[in-house]
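Treat the numbers as computed from the prediction; the structure is a model and nothing was measured.
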Amino acid sequence: MLPDTNRLKRWSAIILLLLCHAVPAQTYKFRQLGLDKGLCHHSVYAVEQDKYGFVWFATGIGLCRYDGFQFESPANTPGNNATTIFKDADKNL
């Protein structure tokens, strides 16, 4: 005697729905970083994380470094436009 395929499909669907409901979705937290948080310029052209965990922003007046708490702008002068950030094989910027 063969099992009822409709009944098997229904039970399979119910089990799958219960399993999908039991798996929690991953949540992401986003933090908006802008001029009010210390970003050195409103135009950001590239973003890259270095091997030490710092996040670097290429902006309209140069580079800005973010450590997770505050921004630093090393040696930014007017006309120092940075548009790209490159990493070498050793992950140096």
Side-chain angles (χ1 to χ4, degrees):
M1 184 165 143
L2 295 174
D4 183 13
T5 57
N6 287 335
R7 178 185 267 178
L8 186 61
K9 287 180 185 177
R10 265 186 260 138
W11 278 108
S12 297
I14 290 171
I15 290 170
L16 284 174
L17 285 173
L18 289 174
L19 287 175
C20 290
H21 183 68
V23 177
Q26 186 173 1
T27 58
Y28 295 98
K29 289 186 178 183
F30 292 95
R31 188 177 319 154
Q32 193 170 20
L33 302 171
L35 296 175
D36 58 333
K37 303 288 185 192
L39 184 64
C40 61
H41 196 263
H42 64 275
S43 296
V44 176
Y45 302 109
V47 179
E48 191 67 54
Q49 187 172 13
D50 67 13
K51 62 184 176 183
Y52 303 107
F54 295 111
V55 180
W56 291 83
F57 297 84
T59 71
I61 62 167
L63 293 173
C64 287
R65 186 181 82 173
Y66 184 66
D67 64 5
F69 300 102
Q70 63 186 7
F71 283 96
E72 268 189 49
S73 303
N76 286 335
T77 57
N80 222 10
N81 192 11
T83 57
T84 57
I85 303 173
F86 295 101
K87 269 188 187 177
D88 65 11
D90 295 327
K91 298 191 178 187
N92 295 312
L93 297 182

| request: Taking the side chain as every heavy atom from C-beta outward, state whether Cys40 and Thr59 have any pair of such atoms under 4.5 Å apart. | output: yes
| query | Between the main-chain N or O of Phe54 and the side-chain N or O of Tyr52, is there a donor-acceptor pair closer than 3.5 Å? | reply | no
| query | What pairs with Ala58 under side chain to side chain contact (heavy atoms under 4.5 Å, CB included), at least two apart in sequence or on another chain? | reply | Ala46, Leu63, Ala82, Ile85
| What's the spacing between His41 NE2 and Ser73 OG if we round to 0.5 Å? | 11.0 Å
| task | With rounding to the nearest 0.5 Å, note down the distance linking NZ in Lys37 to CD in Gln70. | result | 13.5 Å
| field | All side chain to side chain contact (heavy atoms under 4.5 Å, CB included) counterparts of Val47, not counting sequence neighbours | value | Val44, Val55, Phe57
| request: Would you please name every residue forming a side chain to side chain contact (heavy atoms under 4.5 Å, CB included) with Thr84, sequence neighbours left out? | output: Phe86
| request: Output every pair passing salt bridge (charged side-chain N to carboxylate O under 4.0 Å, His left out) with a member in residues 84-93, not counting sequence neighbours, ordered by first then second residue. | output: Glu48-Lys87
| query | Which pair of non-hydrogen atoms, one from Phe71 and one from Cys64, has the smallest distance, and what is that distance? | reply | CD2-CB, 4.1 Å
| request: Kindly write out the residues that satisfy side chain to side chain contact (heavy atoms under 4.5 Å, CB included) with Phe69, not counting sequence neighbours, or none if the list is empty. | output: Asp67
| Leu39 and Tyr66, any side-chain heavy atoms less than 4.5 Å apart | no
